[in-house]
Amino acid sequence: MDFRFDIIAEYMPFFLEGMLLTIVMSVVGVLVGCVLGFFIALGKMSKHAIIRIPFVWYINFLRGTPLLVQLFLFHYAVLPTVLGDTTAVTSVLVTLSLNSSAYVAEIFRAGLQSIDKGQAEAAHSLGMNKFQVMRYVLLPQAFKRSIPPLGNEFIVLLKDSSLGAMIAAPELLYWGRAAAGQYYRVWEPYLTVAVAYLILTLSLTYLLNYLERRFDVK
Amino acid sequence: MISVKHLKKTFGELEVLKDINVEIKQKEVVVVIGPSGSGKSTFLRCLNLIESITEGTVEIDGKVLTDKKVDINKLRAEVGMVFQQFNLFPHKTVLQNITLPMITVRKWNKKDAEKKAMELLAKVGLEDKAGAYPDSLSGGQKQRVAIARALGMEPKVMLFDEPTSALDPEMVGEVLEVMKQLAEEGMTMVVVTHEMGFAREVGDRVIFMDQGYVVEENDPKSIFQNPQHERTQAFLSKVL
């Protein structure tokens with residue numbers, strides 16, 4: 001079997017561009033997801049069912065339906081209706097952000113609920129109000145415990161951003177498909193794309209391990 | 001100082017406190033004893049509303065705890081509490097554990113808070129541990145830090161919820177010593193404990209609780225040497 005490295009070489013600038021977009025989309029997705037997820041976690045932990053239930057169903061929907069279905073729904077239906085128009089990248093960004101917010105919310109909630117009840121009791125007994133207890137006692141501890149699962153979520157999101165190729169967002173897999181289409185070759189482009197994803201996820205794994213060690217020092 | 005009237009507390013179907021009436025004067029050291037499940041910890045936790053009150057009233061320093069107009073956070077700052085499990089903040093150093101509530105609740109500036117915190121650490125004999133994290137301390141040291149942290153708020157009353165029950169036997173003494181010193185300084189204290197020696201030596205009054213009621217209360221000497229109630233006798237014969 002001959003292996004045409006020249007195809008890979010020719011497409012290399014596009015693959016690199018695609019990788020950059022993949023990185024940008026997943027970083028934005030996870031960051032927006034973290035901000036939204038934090039508030040959704042608080043909402044889901046509300047004592048009042050009227051506040052809690054919408055957040056419960058927000059999470060149910062985003063975790064219980066396929067990401068590809070969500071992407072199509074947002075790209076072809078929701079965003080065109082709401083914004084009048086959308087681009088593939090916008091749709092991927094919105095979908096990834098919302099999807100990750102649901103997962104991140106559950107990570108934060110689990111982190112907060114894993115903190116011993118005595119911590120909040122001690123803080124309250126010292127006269128701290130709800131906000132102070134959250135801000136100075138519970139969140140710092142919960143955040144530290146959330147780092148490993150957040151890292152996993154980041155890696156999952158980075159891989160799932162490849163679904164963007166289905167609506168022609170010019171990320172990594174999109175360019176793989178383009179090369180495959182142009183040369184009627186499957187091994188070279190898809191293997192390259194797979195290796196590129198592997199490089200990204202492994203780098204991320206190492207970076208996260210480093211962060212985990214850093215934060216463990218307190 | 002503290003006035004408890006017809007206090008009731010239920011957890012669902014379970015009635016833990018049935019009708020508690022207790023008066024505690026300023027500078028008094030009241031020791032609460034009783035078998036496990038008698039409601040003594042729950043009683044203590046109702047005194048600063050860590051546990052909600054089902055019925056009855058608790059009045060501290062003239063303020064009714066369940067009164068909607070009372071700022072409960074402000075009131076809690078006046079009532080220090082020490083827990084069986086210490087509940088130090090693991091992500092903060094010993095010094096930060098003590099200064100955090102001073103800075104956030106009392107609005108002291110950092111420098112004054114640290115100065116005061118170091119004085120308190122000296123008082124409990126741990127000034128060399130200021131920069132350490134709780135994980136590196138022994139149980140006795142953790143509990144002494146917890147006491148210093150509560151004292152940082154300059155409370156009017158201190159509540160102790162089995163402060164030595166989670167400690168190795170050789171560390172019980174150092175914690176009791178700090179508590180004894182506090183009592184001598186005139187702190188109003190309510191202590192739930194199994195340390196009968198402490199009750200006898202330091203307590204002004206002993207309250208015996210069983211099955212959600214105060215069964216008997218008296219000065220330590222009378223209650224230990226001449227318990228009136230059958231249940232008190234049965235309990236004391238087991239623990240003494």
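We name chains A, B, ... by the order of the sequence lines, and we start the count at 1 in each one. Note that the coordinates shown come from a computational prediction; the quantities given were computed from them, not determined experimentally. Any value given below was found using the heavy atoms of this structure, including those in side chains, with hydrogens, waters and symmetry copies removed.
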- Message: Testing the 3.5 Å rule here: is there a donor-acceptor pair between the side chains of A/Tyr11 and A/Thr192?
- Response: no
- In terms of heavy-atom proximity below 4.5 Å to chain B, should A/Ala120 be classed as side chain, backbone, both, or neither? neither
- Query: Would B/Asn48 and A/Ser125 count as having a side-chain donor-acceptor pair, cut-off 3.5 Å?
  - Reply: no
- Note on the structure: If one checks every heavy atom of A/Gln132 against chain B at 4.5 Å, the contacting part turns out to be side chain
- Message: Looking at chain A, which one of B/Asp71, B/Leu88, B/Leu75, B/Leu159 has the largest number of heavy-atom pairs inside 4.5 Å, strictly under?
- Response: B/Leu88
- Given a strict heavy-atom distance threshold of 4.5 Å, which part of B/Phe83 is in contact with chain A: side chain, backbone, both, or neither? side chain
- Task: With a 4.5 Å cut-off on heavy-atom pairs, point out which of B/Arg149, B/Lys92, B/Glu78, B/Lys74 contacts chain A the most.
- Result: B/Arg149
- Message: How about OH on A/Tyr210, more than 12 heavy atoms from neighbouring residues, nucleotides or ligands closer than 6.0 Å, or not?
- Response: no
- Task: For the pair B/Glu55 and B/Lys9, find out whether any cationic side-chain nitrogen is under 4.0 Å from an anionic carboxylate oxygen.
- Result: no
- Message: Which one wins on heavy-atom pair count under 4.5 Å against chain B: A/Lys130, A/His124, A/Arg135?
- Response: A/His124
- Under 30°, 30 to 60°, or over 60°: which ring-plane class applies to A/Trp175 and A/Phe14, parallel, tilted or perpendicular? parallel
